[in-house]
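In what follows, a single structure is set out as structure tokens and then discussed.
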Amino acid sequence: MDLSIRETRTTNGQKNIILSIFSFLRQNKSFTVGMFILSIIVIMALFADFLAPYGYAERSGDRYEAPSQDHPFGTTLLGFDVLSRVIYGSQVALIIAFSGTILSLSLGVPLGIISGYFGGKIDRLFTLIADSIYSFPSLLLAITLAIYLSVFGVLKVVSAVAVATSVVYIPTYFRVVRSQVLQIKEEGYVKAARSMGAKRITILIRYIAPNVLASTIAIIPFNMTDAILTNAGLAFLGLGISPPTADWGYDVYDSRALVKVRAYPWLILFPGLMIFLLSFSLSLIGDALNDKFNPLISQKNAK
Amino acid sequence: MGSLTRFVITRIALLIPMIWLLVTIVFFLLRVLPGANPALVMNPKLTNEQVELISESLGLERPLIEQYFDFLIKTITFDLGVSYRTNIDIATELGLAFGPTLMLSVFGVLIGVPLGIVMGGVAGAHRERYLDHIIRLFTIGIYSIPIFLVGIFMQMFFSYFIPDIFRGNPTIYAILKEIFPPVSLMDAGNTGEFNHYTEIWLIDTILSFRLDLTLDLLTHLLMPSLALGMLIAGVIARQVRTNMIYHLEQEYVHFARARGIPENVVKYRYALKNSVVPTIGLISLQFALLLAGAILTETTFNIPGLGRFLFQSLQEKDFPAVQGVMVLFVIIVSIVSVIGDVLYALLDPRITY
């Protein structure tokens, strides 16, 4: 990504950064397709009030109406419009994906920087904790946290699921960032800054943090995918967001019985498809970024 | 004593602190974090009588540190308490549920690992060409579908949709219905027809000389194992592809080509072999994913394993049972990580300890 942007800039001047973004998009089809699907879902979430024909918990039809002109995706047991629930569900899914990711980033990255930079006892303690959380089965951790957070009522249920999924990812950021910091702190410019008497906090924030953040970029989309899938998994185990909030995971859970799937396939098909599309678009983006940032894959032979 | 033997012994010895650490996390999560009686936190509708009974059996009125040591001793002796739901000793329940989960995981790995290695190898060898793109779409796609949806759609497709096409032909219809039975691990009632020596039904049916039941069991395992196997295959294929791309650019590969060794031998014997070995470590790390997959697959296919046991305990808010399953899962994870490390050491001759 870096290379292509720099090349266009030198030949065409500063203002053609848009052109260089286009050239990057043309080279990375999976990135482009992923971004396209993702932006449609984001638009759905932002303008849900205008796009949805009915409210997500509004009795707008009879029970189990098959897809028709009035209800393109059919209706549920309570007569809710499935299309509207699918559209509103994108809000919940994106909130969980984004808040979960921000939460784990904002804990994992600073802890990784501190651990890697200061070393010693802090480092050993943090690494031990991170490693044990890392080897703990993530769904179990999420299950436990989801039970408590939802029962306590301290947090709203949406954020409970986000917290549960984000805790699992903190060690991933921690590990990557820590190993990066270990490398970067031996670089010449950091040593130079230190020799000139720069404060520790300045070195951390101005010299180390920006260089470390690049290594986390490729993890973020996968983190979001896992947040969505864990949320769906929790919902499937009956621990997800409680109705009547529109949540794809809950809608799938509610219509999972085979008898129901056979009789009213639209109930599971559309929310299931949306979970797939959102995770798929994020994974496509993540995969493209991984190819760019993975140190094992060199760029010289890539088209 | 050889260095490998010493490594294996140290690694097995390290199992104890690892299990201790993870069991401590379970204790912290289930006993310290809720603050009050954890069973009550999980299920606020318990009667006073039940609450007293639980706090007595968990020793909740004693100081935390005493509870902790009590918990450790009970874990070592596998005294996990009694389930509220079934009134059966939880260790016994877990023993019964372990077999189905083991069978499902083993078959999932047996399908998933070879499939993943082949797909990853082919994708890496065809980097940025259409085979690579197709495999990439498959691996990303399968990762993006929640595994329970894969299960549900497979059941719909193979157990109902395909047989329905052949409704006019009773023989084919019957055969298809036989190969792709819709639910559960065995046809109802069959479990009473063989001797339960090990509770791993596959072995039990063979030992009881009921090969017809073995076949029945295998057909019931086919779809769940495929669902789980595809998930595993996707994860492994991605890793193998990355390693493959790395190895195909190494000098030994160029050198092998220069010596005139056939291209397919260079790719699929030299490079692929080296790409697969580090993946062994990954498989044990990804075991948590496999467990999560198994929990959800069992729930989808109604397999009476550990995952479904956890699901039912969660539905009934059965605190001791949830705690018991977690302890067992943690022990399994630790043991698998050791097996992974030992396998890795056996396969990679460069590693000396």
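The chains referred to below are lettered A, B, ... by the order of the sequence lines, with proteins before strands, and numbering in each begins at 1.
- Only the side chain of A/Ser30 comes within less than 4.5 Å of a heavy atom in chain B; its backbone stays farther off.
- Here the shortest heavy-atom pairing between B/Met326 and A/Leu140 reads CE-O, 3.6 Å.
- Note on B/Gly141, B/Ser334, B/Ser144: by heavy-atom pairs under 4.5 Å with chain A, the leading option is B/Ser144.
- For the residue pair B/Phe311 and A/Phe236, the shortest heavy atom distance occurs at CE1-O, 3.7 Å.
- Both the backbone and the side chain of A/Leu284 have a heavy atom closer than 4.5 Å to some heavy atom of chain B.
- Interface residue B/Phe153: only side-chain heavy atoms are found under 4.5 Å from chain A.
- Rounded to the nearest 0.5 Å, atoms OG (A/Ser283) and CZ (B/Arg136) are 12.0 Å apart.
- Going from atom CD of B/Gln312 over to atom CG of A/Leu237 covers 12.0 Å, rounded to the nearest 0.5 Å.
- Contact annotation for B/Leu21: only side-chain heavy atoms (C-beta onward) come within less than 4.5 Å of a heavy atom of chain A.
- Counted within 6.0 Å of CD1 on B/Ile165, heavy atoms from surrounding residues, nucleotides or ligands total more than 12; the atom is thus considered enclosed.
- Remark: A/Ile275 CD1 to B/Ile145 CD1 distance equals 11.0 Å, nearest 0.5 Å.
- Residues passing the side-chain contact (heavy atoms from CB on, under 4.5 Å) test with A/Ile129, sequence neighbours excluded: A/Leu125, A/Ile133.
- Only the side chain of B/Leu149 comes within contact range of chain A, with heavy atoms under 4.5 Å apart.
- Interface remark: B/Ile332 contributes no atoms to any contact with chain A (heavy atom separation under 4.5 Å).
- Separating the CD1 atom in A/Ile285 from the CD1 atom in B/Ile140 is a distance of 10.5 Å, to the nearest 0.5 Å.
- Options B/Ile147, B/Thr139, B/Leu22, B/Thr24 differ in how many heavy-atom pairs under 4.5 Å they form with chain A, and the most are formed by B/Leu22.
- Interatomic distance, B/Leu137 CG to A/Phe280 CZ, rounded to the nearest 0.5 Å: 5.0 Å.
- Heavy-atom neighbours of chain B within the stretch residues 225-233 of chain A, taken at a separation under 4.5 angstrom, comprise A/Thr225, A/Asp226, A/Leu229, A/Ala232, A/Gly233.
- For A/Phe222, there are no ring-ring contact (aromatic ring centres under 6.0 Å, His included) partners at least two apart in sequence or on another chain.
- Residues satisfying the side-chain contact (heavy atoms from CB on, under 4.5 Å) criterion with B/Val23, sequence neighbours excluded, are B/Ile19, B/Phe71, B/Leu72, B/Thr75, B/Val330.
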